[in-house]
Amino acid sequence: MSEKAGKRESGTAVRSSASRTDVGPVAPTRLAASPLDTGRLRVDFPILDRRIRGKRLVYLDNAATTQKPRAVIDAVSHFYTHENANIHRGVHHLSDRATVAYDEVRQKTARFLNARSPREVVFTRGTTDSINLVAQSYGRAFLTAGDEILITGMEHHSNIVPWQLLCEQTGAVLRAVPLNSAGELELEQFAHLLNERTRLVAVVHLSNALGTINPVKHLIGLAHVRNIPVLIDGAQSAPHLPLDVQELDCDFLAFSGHKLFGPTGVGVLYGRESLLERMPPCQGGGGMIETVTLERSSWAPIPAKFEAGTPMIAQAIGLGAAIDYVSQVGLPAIAAWEKILLDYATHLCNRIDGVRIIGTAQDKAAVLSFVLDGVHPHDVGTILDYDGIAVRAGHHCAQPVMRHFGVPATVRASFAFYNTKEEVEVLADSLVRVRRIFG
Amino acid sequence: MGSLATLYQDLILDHNRAPQNYRSMENANRRVEGNNPLCGDKLTLWLRMEGDRIRDVSFQGSGCAISRASASLMTAAVKGKTRQEAEDLFQRFRRMVTGSLDPSEAQSLGKLVALAGVSGYPIRVKCASLSWHALKAALDQSDGVVSTE
Ligand SMILES: Cc1ncc(COP(=O)(O)O)c(C=O)c1O
């Protein structure tokens with residue numbers, strides 16, 4: 001691809017999403033306070049026109065995965081239609097272009113995160129894959145028996161289980177910062193649990209089960225006083241909050257393309273260059289080597305060292321289009337609009353008899369988790385589905401959170417910038433109907 | 001496509017609110033735990049077998065309305081039946097919730113037909129079947145844990 005194609009794809013996004021701006025595509029980021037023109041933006045998402053059981057789809061399961069704008073769908077389709085080739089392998093024209101396009105996405109991702117260099121951006125299959133990479137590479141190389149890894153009580157299973165596996169392999173010990181009744185971290189406990197044995201901290205930025213935004217910059221500062229590296233699970237923050245790895249000063253940050261309006265199968269691990277340099281590869285194969293003899297091999301420089309085999313080229317190109325799209329809409333504007341939606345949804349739900357909101361942190365975004373007195377979340381989910389509303393009912397891959405709140409599951413409505421206040425009202429009306437059915 | 005009214009019938013809502021045979025059993029000779037790991041539903045089933053016959057059956061647990069009502073209706077349906085009769089009923093029940101029941105068989109299911117609406121919601125079939133899987137395990141062996149996965 002393709003500079004030309006790249007421009008064209010992002011051109012599509014500009015035309016359809018942000019034709020309201022005549023001051024250039026980056027302007028919306030500066031207009032943080034103004035609500036988004038969701039009516040305009042929704043046109044970019046073909047699936048939002050779908051009907052479910054005769055009702056217009058109200059998609060409120062964005063924390064599970066987000067819908068894709070036309071620009072992303074077209075970028076992937078364009079790549080397969082016109083540009084498909086393997087990268088780093090051919091002298092021929094198409095291979096050359098695919099290589100350039102793939103590397104351009106890396107640069108774009110580095111800019112999106114404000115990384116110092118594209119060398120700090122490793123492409124992975126997603127957040128889960130990124131965290132496992134750190135556990136198996138950094139963790140196995142530098143942790144030994146008795147060392148401690150500190151996580152929190154609100155982690156997604158993908159930021160718990162990789163560390164448990166590492167602990168089994170190395171004899172390291174996993175500790176977790178407890179939560180208070182609002183679903184916030186007990187900050188004194190965090191400071192208390194950091195000690196001379198702590199070798200790594202891994203914390204979710206925005207909880208997918210509660211919506212809590214953790215004060216990660218503060219936590220990173222505390223850990224760095226003791227020279228402990230910090231991994232941020234940015235799966236939920238990437239689509240909702242502006243991210244700046246230099247400002248946060250995090251050592252690793254993981255996110256998934258599919259939660260950022262991009263394709264499944266691609267994600268990112270940001271890693272501080274000095275750490276990535278020291279880490280051994282954890283998968284071997286093509287693309288990650290410098291020279292191979294039958295006896296031994298030497299590794300390619302970062303980030304290729306961590307990308308064995310043919311990568312997810314088309315998906316990465318789709319991710320590039322998604323990053324362009326999101327950047328044009330502007331994360332400050334997205335965050336501001338989603339705050340309005342969340343406050344409105346909270347207000348309406350609090351008026352419904354028997355609704356108990358799970359997760360009432362001061363600092364919260366995009367996620368409304370709740371239970372309805374006397375009605376199991378799955379029954380709520382089925383009845384909402386009947387009204388065309390897609391929510392998640394379950395433990396949200398965060399069973400320790402459910403245990404903390406003493407519930408087996410919750411109903412979770414999670415928002416994206418294309419959601420509207422009318423959709424929030426449809427949700428509230430449907431919950432009233434659930435109440436009526438169950439008496 | 002199932003309609004809401006067929007899924008959440010009054011009979012189901014009543015059994016959800018006030019399930020029958022919802023108690024533990026002191027003199028049970030079989031006890032099985034059922035789990036639906038996907039949604040966290042849990043159920044304990046007690047049986048008192050006398051020879052080949054289910055003398056008493058009871059359950060407790062947490063789950064959605066479909067799984068509670070189904071467990072309640074199941075206990076009422078199999079109490080007093082022989083093992084073979086209960087297993088035959090399970091086969092027909094399974095055909096009903098997966099939408100492959102011969103209409104002529106519907107009558108023999110009695111009140112269990114209230115759960116026929118589940119066939120319009122494939123992901124809820126597991127909810128309706130959990131207690132039956134636990135029953136089958138209890139009939140097959142002695143004690144243990146079963147899972148819908
Ligand atoms: C907070 C958080 N972390 C990690 C993940 C895992 O992401 P993925 O399944 O894309 O690897 C999720 C996805 O649900 C999440 O919400």
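Values below: every heavy atom of this structure, side chains too, minus hydrogens, waters and symmetry copies. Letters go in sequence order (proteins before strands), and every chain restarts at 1.
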- [ ] Measure from the ring center of A:His240 to the ring center of A:Phe415 and say whether it is less than 6.0 Å.
- [x] no
Task: Region of B:Arg17 in contact with chain A, defined by heavy-atom distances below 4.5 Å - done: side chain
- [ ] Tell me, please, which residues at least two apart from A:Glu155 pass salt bridge (charged side-chain N to carboxylate O under 4.0 Å, His left out).
- [x] none
Task: Pair B:Phe59 + B:Trp46: ring centers closer than 6.0 Å - done: no
- [ ] Select one option (side chain, backbone, both, neither) describing which atoms of B:Leu13 are under 4.5 Å from chain A's heavy atoms.
- [x] side chain
Open item on the list: For A:His258, run the side chain to side chain donor-acceptor pair (under 3.5 Å) check against A:Thr65, A:Thr127, A:Thr264 and tell me which one passes.
Closed with: A:Thr65
Open item on the list: Looking only at heavy atoms and a cut-off of under 4.5 Å, which of B:Ala65, B:Ser62, B:Ser67 has the most pairs with chain A?
Closed with: B:Ala65
TODO: Counting only heavy atoms closer than 4.5 Å, note whether A:Arg392 contacts chain B via side chain, backbone, both or neither.
DONE: neither
Task: Donor + acceptor pair across side chains of A:Asn62, A:Tyr418 (<3.5 Å) - done: yes
- [ ] Check whether B:Leu7 gets within reach of chain A through its side chain, its backbone, both or neither, counting any heavy atom under 4.5 Å.
- [x] side chain
Task: Residue part contacting chain A, namely of B:Asn16, when any heavy atom lies under 4.5 Å - done: side chain
Task: A:Phe45/A:Tyr59 aromatic ring centres below 6.0 Å - done: no
Task: When A:His376, A:His395, A:Gln399 are compared by non-hydrogen pairs under 4.5 Å with chain B, the top option - done: A:His376
